[in-house]
Amino acid sequence: MKRKVKISIKIISFVLVFALLLGCINSLFKPKWIEDRWQSSKTDVSFYELEKNSTDVLFYGSSVMAAAIDPFQLYNEHGISSYNLGVISQTMSGTFFWVKESLKTQKPKVIVVEVKTLGRKSDKLETKARKSYDYMHLGLNKLQYAVETVNSSKYSEDVEETDLWEYLFPLSLYHTRWSELDYDDYNFVLGKNKSETKGYAALADIFRYGSTYDQAADAAGDYDGFDKEVVETSDYNATNKSYVKRIAEFAKENNIELVLLRTPDTTWSVKKYNYVNNIAKEAGVKYLDMNLKSVRDKMGLDFSEDGADSIHMNIIGAKKVTSYLGDYLDKNYELTNYKKGESAVKAHFESEMDKYHLEIKSSELSMNRNLDNYLEAINDKDYSVILTAGSECGKMNFSENQIKLLKKLNVNTDMFFHESEYGNNITFVSDNLDGDKIINTLVEQDRYTTKTIHEGGRFSDGTSYAVDVAGGVCSVRINNNNCGDVYEDLMNIVVYNKKSKKVVDTVCLKNNSYGSVSIGRKGKG
């Protein structure tokens with residue numbers, strides 16, 4: 001008998017260990033969907049850590065929702081407890097199942113669903129839709145989500161056909177990622193998988209500097225919104241419409257108010273407005289469209305400055321959208337103001353506020369395109385700063401004020417004016433482990449021999465760094481990870497935040513045609 005018990009214990013232990021290992025491997029190999037400030041997996045993981053029944057308003061939708069609504073701002077301005085479950089490329093089916101999933105742990109008074117997907121002729125590809133599926137907890141909702149996705153792909157010509165096995169056992173799909181695993185994958189599994197903004201994606205791009213910005217169209221008023229007109233509606237994806245109706249029915253069954261929201265979008269139209277408005281009337285729910293001219297005017301929205309691109313808000317636009325929506329929610333619903341009095345919700349928001357401000361601070365720095373303002377901003381005790389350039393960078397046309405600001409950073413500006421026939425390799429590092437020592441290194445390039453600089457060490461928070469410059473080419477590594485945004489043949493500034501323990505911005509400096517120095521960022525001008 002004892003022998004059978006021992007064997008049973010060994011079998012159970014083996015199964016548990018195997019399941020644990022399999023779970024860890026699954027977590028490691030699944031894509032993390034972390035792209036700059038899009039952090040979809042962190043959004044989902046952090047939602048499950050919310051205290052039960054602590055959230056009065058929940059937001060759902062794709063990336064346009066993630067970039068538009070800031071829960072911390074709603075709390076600061078109205079005391080509203082909310083969470084943004086917007087995830088890149090989320091389909092309306094994904095929204096429906098996340099609504100069901102979120103109600104397992106929360107009892108919101110209001111749910112707000114972004115409806116951009118209703119204006120699509122077809123749904124998103126399956127590979128994109130997985131971003132809202134992979135990090136949902138295993139359970140009936142996830143199983144039903146998988147089955148319905150697979151079934152819908154079999155009968156739709158414009159949706160990639162999917163395999164249920166790959167949904168139920170993601171390792172069968174992602175096992176080939178072993179060669180792609182990077183710092184984010186390991187960090188995520190080791191616990192660095194939290195959203196510090198409650199799902200909000202604080203975007204730093206500015207539309208008018210982007211490659212798709214059309215100044216003539218902007219000047220003509222195409223981005224100013226539209227007045228409501230009675231025009232014929234168009235036919236859009238029927239599947240998405242059916243899921244909205246299911247969301248409306250589910251909300252009604254659970255005594256939850258539903259708001260359909262359309263965030264600012266230069267591609268939206270009056271036909272799409274009328275289509276969604278008709279659906280809202282049929283379902284008996286409210287529809288708030290921020291593309292109406294009256295709403296845009298009230299928000300003071302300027303898409304050229306407030307948009308990150310043609311469909312997403314940047315951090316400035318999100319503040320306007322969140323402020324308007326906060327007033328709307330306050331006026332139309334009886335929501336608790338948790339800033340008044342003492343509660344567990346208030347304690348939670350207040351305890352997380354510093355981390356939130358660090359994220360916003362990083363986004364605001366990344367929006368800065370004026371070199372004088374930028375140099376003032378990075379002169380901050382929270383930052384460690386690296387400035388480096390190879391010999392091909394040329395002399396920089398810094399203004400007198402910029403030279404003063406560089407000196408305040410303890411940069412030896414004489415390096416920029418050192419006479420050299422073949423150019424100079426330079427490196428500046430602030431705040432390394434050796435007390436307040438500042439590194440200012442210059443190596444004059446030789447005609448026949450490649451001169452190099454290698455500076456390495458640790459910042460005061462213990463994070464390692466390495467800077468290499470050789471023959472006009474420079475590179476920077478932080479915590480043994482290559483800073484891919486560094487331009488090898490230009491002068492670069494890398495800014496590391498010691499509190500958040502990550503690189504928060506990388507810019508290149510270059511002389512422009514106006515005789516001054518411009519800030520540039522990879523993919524952003």
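No side-chain donor from either of S54 and H348 sits under 3.5 Å from a side-chain acceptor of the other. With 3.5 Å as the limit, one finds no donor-acceptor pair spanning the side chains of T197 and E359. At a cut-off of 3.5 Å, with distance as the only test, no side-chain donor of D485 or T506 sits close to an acceptor on the other residue. Defined by atom type and a distance below 3.5 Å, a donor-acceptor pair is missing between the side-chain atoms of D372 and Y374. Residues D70 and Y356 have side chains that bring a donor and an acceptor to within less than 3.5 angstrom of each other. Donor-acceptor pairing under 3.5 Å is lacking for the side chains of S195 and Y200. A donor-acceptor contact closer than 3.5 angstrom is absent between the side chains of E352 and Y75. Side-chain atoms of H312 and D309 form a donor-acceptor pair, as typed in the model, at a separation below 3.5 Å. Side-chain polar atoms of T263 and E114 form a donor-acceptor pair below 3.5 angstrom. If you check the side chains of K109 and T336, you find a donor sitting under 3.5 Å from an acceptor.
Figure legend: R262 and Y287 shown without cation-pi pairing, the cationic atom not lying both under 6.0 angstrom from the six-membered ring centre and within 45 degrees of its axis. A cation-pi arrangement is present between K198 and F349 under the rule of less than 6.0 angstrom and at most 45 degrees off the ring axis.
Taken from CG in N254 to NZ in K100, the straight-line distance is 10.0 Å, to the nearest 0.5 Å. Here OH of Y83 is found 9.0 Å from OG1 of T55. Values are rounded to the nearest 0.5 Å. For the atom pair OG of S81 and CG of N53, the computed distance is 11.0 Å after rounding to the nearest 0.5 Å. The CG atom of D505 sits 8.5 Å away from the CG atom of N368 when rounded to the nearest 0.5 Å. Taking CD1 of I315 as the start and CG of L203 as the end, the distance is 9.0 Å to the nearest 0.5 Å. Between the CD1 atom in I256 and the CG atom in L58 there is a gap of 8.0 Å [rounded to 0.5 Å].
Heavy-atom minimum distance, Q106 versus K52: NE2-CA, 4.0 Å. What you find for N337 and G79 is that their closest heavy atoms are OD1-CA, 3.2 Å. Taking both residues in full, the closest heavy atoms of L118 and Y275 are given as O-CE2, 3.4 Å, listed atom of the first, atom of the second, then distance. The shortest heavy-atom contact between S62 and S89 is CB-N, 4.1 Å. Of all heavy-atom pairs between A67 and A318, the closest is O-CB, 3.4 Å. Residues A204 and S363 come closest through the heavy atom pair CB-O, 3.5 Å.
Under 4.0 Å is where a charged nitrogen must lie from a carboxylate oxygen, and between K245 and E249 no such pair does. Using a cut-off of 4.0 Å between Lys/Arg side-chain N and Asp/Glu carboxylate O, D382 and K499 are scored as salt-bridged. Electrostatic pairing of K194 and E49 counts as a salt bridge here, judged by a charged N lying under 4.0 Å from a carboxylate O. Between D306 and K319, no side-chain nitrogen of the basic residue sits less than 4.0 Å from a carboxylate oxygen of the acidic one, so the salt-bridge criterion is not met. Using a 4.0 Å cut-off between a side-chain N of Lys or Arg and a carboxylate O of Asp or Glu, E148 and R246 qualify as a salt bridge. Contact check on D297 versus K293 returns a salt bridge, with a Lys/Arg side-chain nitrogen under 4.0 Å from an Asp/Glu carboxylate oxygen.
In this structure a side-chain-to-backbone donor-acceptor pair under 3.5 Å is missing from N274 to N277. A donor-acceptor pair is defined here as one N or O able to donate and one able to accept, closer than 3.5 Å; no such pair exists between the side chain of N497 and the backbone of Y383. For K104 (side chain) and N141 (main-chain N/O), no donor-acceptor pair under 3.5 Å exists by modelled atom type. Distance alone, capped at 3.5 Å, is enough to place a donor-acceptor pair between the K498 side chain and the K381 backbone. A distance-only check finds no donor-acceptor pair linking the side chain of D330 to the backbone of G326 [under 3.5 Å]. For the pair S242 (side chain) and T239 (backbone), a donor-acceptor distance under 3.5 Å is present. The backbone N or O of D205 lies less than 3.5 Å from a partner atom in the side chain of N314, making a donor-acceptor pair. Side-chain N or O atoms of N240 include one that pairs as donor or acceptor with a backbone N or O of T117 at under 3.5 Å. No side-chain donor-acceptor contact under 3.5 Å links K142 to the backbone of E101. Checked by atom type and distance alone, the side chain of N492 pairs as donor or acceptor with a backbone atom of Y487 at under 3.5 Å.
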Item to complete: Before giving the answer on side-chain hydrogen bond (donor to acceptor under 3.5 Å, both in side chains), spell out for D289 and W268 the whole-Å C-alpha distance, their side-chain angles and the decisive distance to 0.1 Å.
Response: CA-CA 10 Å; D289 193 324; W268 203 241; 3.0 Å; yes
Discussion item. Between S399 and N401, is the side-chain hydrogen bond (donor to acceptor under 3.5 Å, both in side chains) condition met? List the steps.
Written reply: CA-CA 5 Å; S399 67; N401 187 54; 5.4 Å; no
Fill in: Criterion side-chain contact (heavy atoms from CB on, under 4.5 Å) on Y338 and D56, from CA distance to verdict
CA-CA 10 Å; Y338 288 98; D56 288 350; 3.3 Å; yes
Discussion item. Quick one, S500 with V504, criterion side-chain contact (heavy atoms from CB on, under 4.5 Å). Give me CA distance, side-chain angles, the key distance, then yes/no.
Written reply: CA-CA 9 Å; S500 61; V504 293; 4.1 Å; yes
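Aromatic ring orientation, F207 versus Y213: perpendicular (interplanar angle above 60°, classes split at 30° and 60°). Using bins of under 30°, 30° to 60° and over 60° for the plane-to-plane angle, the ring pair W98/F47 lands in the perpendicular bin.
Inter-residue side-chain proximity for M92 and V113 is flagged as met; some heavy-atom pair is nearer than 4.5 Å. Between V495 and V503 the shortest side-chain heavy-atom distance does not fall below 4.5 Å. Between N76 and K339, some side-chain heavy-atom pair lies under the 4.5 Å cut-off. Side-chain contact between I311 and T267: present, with at least one pair of heavy atoms (C-beta onward) separated by less than 4.5 Å. When side chains are defined from C-beta on, L509 does not count as touching L490, because their heavy atoms never get closer than 4.5 Å. The shortest side-chain heavy-atom distance between Y273 and F226 falls under the 4.5 Å cut-off. Counting heavy atoms from C-beta on, the side chains of L325 and M290 come closer than 4.5 Å. With contacts defined as side-chain heavy-atom distances shorter than 4.5 Å, the pair T149/Y145 qualifies.
Considering M313, Q73, H78 in turn, Q73 is the only one that fulfils the side chain to side chain contact (heavy atoms under 4.5 Å, CB included) rule with T322.
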